[in-house]
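We use all heavy atoms of the structure for the numbers below, so side chains are in, but hydrogens, waters and symmetry mates are not.
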Amino acid sequence: ATPSEALEERLANLVAQNTLAVYRNVCRALYEKDKLLLTLLMSVKILQGEGQLLEKQWKLFLTGGSSFQGSTSAVRKVDSGWLSDKAWQQLVELGE
């Protein structure tokens, strides 16, 4: 990892280097189709660890909104014609 005098920067460099090393070493044992899944899962865990991906967002991605219960929000949809009512409700739910 790139040396640095600042502790935070040094730790970030070490984490990035170790993440890359793990990814490369694990990818050697995987089929091409499985490498994409590893990439997705590692990316999701990194984003969750940084607080950039909420559990609610991840669940919506995984389920495609099939577990959507409906929103009690009073946000009204503008009739645009290109966005379905279900998609609008999911966006409102995700925004809450």
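- The salt bridge (Lys or Arg N to Asp or Glu O under 4.0 Å) search around E32 returns K35, not counting sequence neighbours.
- The distance from the CG atom of L62 to the CD atom of E55 is 8.5 Å, given to the nearest 0.5 Å.
- The hydrophobic clustering, which links ILVMFWY residues whose side-chain heavy atoms are closer than 4.5 Å, places F61 and L53 together.
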Which pairs would a plain distance check flag for residues 15-23, meaning a side-chain donor or acceptor within less than 3.5 Å of a matching protein atom at least two apart in sequence or in another chain?
residue : atom : partner : partner atom : Å
N18     : ND2  : L14     : O            : 3.3
T19     : OG1  : V15     : O            : 2.7
Y23     : OH   : T39     : OG1          : 3.1

Open item on the list: Checking K45 against L41 for the side chain to side chain contact (heavy atoms under 4.5 Å, CB included) test, could you report, in this order, the C-alpha distance in whole Å, the side-chain angles of both residues, the deciding distance, and whether it holds?
Closed with: CA-CA 6 Å; K45 287 301 178 184; L41 293 176; 5.7 Å; no
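- Residue L30 holds its CG atom at 9.0 Å from CG of L37, rounded to the nearest 0.5 Å.
- There is a side-chain donor-acceptor pair under 3.5 Å between R28 and N25.
- Under the 4.5 Å side-chain heavy-atom criterion for grouping Ile, Leu, Val, Met, Phe, Trp and Tyr, L40 is not connected to L38 through any hydrophobic cluster.
- L36 and M42 are members of different hydrophobic clusters when ILVMFWY side chains are connected at heavy-atom separations under 4.5 Å.
- Heavy-atom minimum distance, Q52 versus Q57: O-OE1, 4.0 Å.
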TODO: Check step by step if side chain to side chain contact (heavy atoms under 4.5 Å, CB included) holds for E5 and R10.
DONE: CA-CA 7 Å; E5 294 296 321; R10 177 69 178 151; over 6 Å; no
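- With sequence neighbours excluded, no residue forms a side chain to side chain donor-acceptor pair (under 3.5 Å) with S43.
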